[in-house]
Amino acid sequence: MPKPPITQLTPKMEAQALLLDAWTLTAEEETLPLAQCRGRVLARDVFAQYNIPVVRASAMDGVAVNAADFAGGEQPDCTGWRPGQEYSRADTGDDFDDKYDAVVPIEQVRVLPEGGLVFASDTEIRPGLNVRPAGSQVEKGSRLCQKGTRLTALDIAAIGMGGYDAAPVRRRPRVAFVPTGSELVPVGAELARGQNFDTNSLMASLLLEEMGAEPMLRPIHRDDPAAIEATLDGLLPQADIIILNAGTSKGQEDYCGQLLKRRGHLLFSGVAAVPGRPMTAAVIGGKMVLNISGPALAAFYTLDWAVKPLICQYLGVPVPKRRTVQAELTAPIGGPPMSMCCMLRLQREGDRLLATPLNMRGQGSVGSGVLLTADAMYVTTPGQGPKAAGETIPAELLRDLP
C-alpha cells in the first residue's frame, strides 16, 4: 500500500507503529548493586546459589528437643533438664544442634529458674515438629526472578536471598530532551514580558524516569537553527532518542521540523492527535529524533503515546496501563476526526463518580496550570462521535481517586 502524502495527517496508531518499526535498538546489559535496581528491568533469569535454611531451622520461637525423649506419648520429668544438654532454645529461623529434631512453641513451655522445663500437659512432640527443612525458604538452583521483570523492592529482596549483592539489568535508554524557544527562561527565574518558564524539561525528566529511561536534559536553546543543528549532531553519538521540544508548527521561528525533514529518514510530519498535532519524527544516524509541540499538555500527551511505547519496546516490557474507572460526564465532549486527549476533574456525588471535562478552548476554557492538575484523562477514538452529558466514559486515572 502506498504511503499517504506527507501533507496528510498520519493517524495516531499508524504513527505509533511507524515509530516502533523504525527503531530496533537492542538493550545492552549492565550489572548494578541491588540497592540501585529498583524499577530496573532484569536482563537474565536469576537462580538461587544457596539453600535457605542451609540445613534446617526452627519455624517459630521455642525449645528444641529430641522427640525420642517423648516416645510412647508420656512426658518425662524435665524439671532437671539443662540448656545445651537435653534441650536448646531455638528462635524463629535459627539453626540448632543436630541432636534435636523437634521444636516446642515457647508458649507451651515454662522455663524454671534453675533451667529445667515444664511442658503443657497437652503438648504433642514428634520428629520434625515446627522444623523447616533445608531449602524450604529458598531452594538452591530455583529461579528467584524472571528476566523482563521490572524490579520492585520485594523482587530485590528475593534476589538478595539467593546470595547476590548485584543483578544484571537492561541499560536504560538515553533520551535527550532539548527545549527550544527564545521566550523560555528556567523555572524560578524572574519572568518578564514575552517570556515563559521551561516547565516541559522538568516534566519530561520526571516522566522519562518513570518510563524507565535515563533523561539527558539540555539547556534552553534560542531560536537559532545552526545552534540547534549543532546540538543535534553532538547528541547523536550519545543518546538513543532525541526530543526537540517546540518549533513544530508554522511560525517564523519553527526550525526543528524542517531540520528533521532535511537531515533524516522522515517517518511522518503531522499526526492526527491533539494536542500535539504538528509532530515530526525521523531516523537520523540510526537514532530516533522527534520534534514535539511546545504547549505543556501537548508535550505530555506526545510523551505518553509516542515515547513511552518506544522505551518499553527497548526494555522488553509491556506498556503499563493506568487504572481506569467509569465516570459520568457533566458536560459534553466533542468527537473530532482524530485522537483527542481530554483532561478531567473527578468528583464523587453519592454513589456516582462525575467527570467534568477541562476545556482548552471555547466557553469555560482553563489554562495549562489547571489542565496539568487534572485527576484523569480520556482519549477519544477517531470516528466515535461526541459524548453527551450524562454518558459514561472510561477515565484513566492520573492520581488517586478523590
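In this chain, numbering begins with 1 at the start of the sequence shown.
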Are [X] and [Y] close enough that some pair of their side-chain heavy atoms sits under 4.5 Å apart?
X: L397; Y: T324; result: no
X: L398; Y: D375; result: no
X: V283; Y: K287; result: no
X: E14; Y: V271; result: no
X: M340; Y: I333; result: yes
X: L358; Y: L344; result: no
X: L371; Y: V366; result: yes
X: E124; Y: Q108; result: no

Does [X] use its side chain to pair, donor to acceptor, with the backbone of [Y] at less than 3.5 Å?
X: E86; Y: R82; result: yes
X: S339; Y: K12; result: no
X: N130; Y: A59; result: no
X: E349; Y: L354; result: no
X: S58; Y: M60; result: yes
X: D95; Y: A57; result: no
X: E209; Y: L206; result: no
X: R399; Y: A374; result: yes
X: D155; Y: T152; result: yes
X: N51; Y: K140; result: yes

*Anything under 30° is parallel, anything over 60° is perpendicular, the rest tilted; go ahead and classify W81 against Y87.*
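W81 and Y87: parallel rings.
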
Nearest atoms (heavy-atom pairs only) where [X] meets [Y]:
X: A299; Y: M203; answer: CB-CE, 4.0 Å
X: Y378; Y: Q384; answer: OH-NE2, 3.0 Å
X: P173; Y: L315; answer: CD-CD2, 4.0 Å
X: M211; Y: I311; answer: O-CG2, 3.4 Å
X: Y255; Y: D224; answer: CE1-N, 4.2 Å
X: A281; Y: L290; answer: CB-CD2, 3.5 Å

Can you measure from [atom1] ([X]) to [atom2] ([Y]) and round to the nearest 0.5 angstrom?
X: I242; Y: R218; atom1: CD1; atom2: CZ; answer: 9.5 Å
X: M279; Y: T10; atom1: CE; atom2: OG1; answer: 10.0 Å
X: S269; Y: Q258; atom1: OG; atom2: CD; answer: 7.5 Å
X: C37; Y: L151; atom1: SG; atom2: CG; answer: 6.0 Å
X: D304; Y: L207; atom1: CG; atom2: CG; answer: 8.0 Å
X: S182; Y: I220; atom1: OG; atom2: CD1; answer: 10.5 Å

*Verify the distance criterion only: is there a donor paired with an acceptor across the side chains of R345 and T373 at less than 3.5 Å?*
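Side chains of R345 and T373: pair found under 3.5 Å.
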
*If you measure only the distance, is there a donor-acceptor pair under 3.5 Å linking the side chains of S88 and D97?*
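No.
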
So for atom [atom1], which belongs to [X], do other residues, nucleotides or ligands contribute more than 12 heavy atoms lying within a distance under 6.0 Å?
X: R322; atom1: CZ; result: yes
X: R222; atom1: CZ; result: yes
X: R126; atom1: CZ; result: no

Ion pair check, [X] and [Y], cut-off under 4.0 Å:
X: D98; Y: R56; answer: yes
X: E229; Y: R262; answer: yes
X: D94; Y: R132; answer: no
X: E328; Y: R352; answer: yes
X: E30; Y: R40; answer: yes
X: D45; Y: K147; answer: no
X: R171; Y: E214; answer: no
X: R263; Y: D233; answer: yes

*Go through the steps to decide whether L117 and L112 satisfy the test side chain to side chain contact (heavy atoms under 4.5 Å, CB included), and finish with yes or no.*
CA-CA 6 Å; L117 303 177; L112 301 177; over 6 Å; no

*Does the side chain to side chain contact (heavy atoms under 4.5 Å, CB included) test come out yes or no for Y314 and M288, once each step is laid out?*
CA-CA 12 Å; Y314 173 92; M288 183 64 69; over 6 Å; no

_side-chain hydrogen bond (donor to acceptor under 3.5 Å, both in side chains), paired with N245, selected from T302, N200, N291_ =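 Passing option: N200.
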
*Check against side chain to side chain contact (heavy atoms under 4.5 Å, CB included), V185 and D198*: CA-CA 6 Å; V185 295; D198 172 30; over 6 Å; no

*Given the rule in the side chain to side chain contact (heavy atoms under 4.5 Å, CB included) test, do E183 and Q195 qualify, once you have shown the distances and angles that lead to the verdict?*
CA-CA 5 Å; E183 76 284 4; Q195 293 181 331; 5.5 Å; no

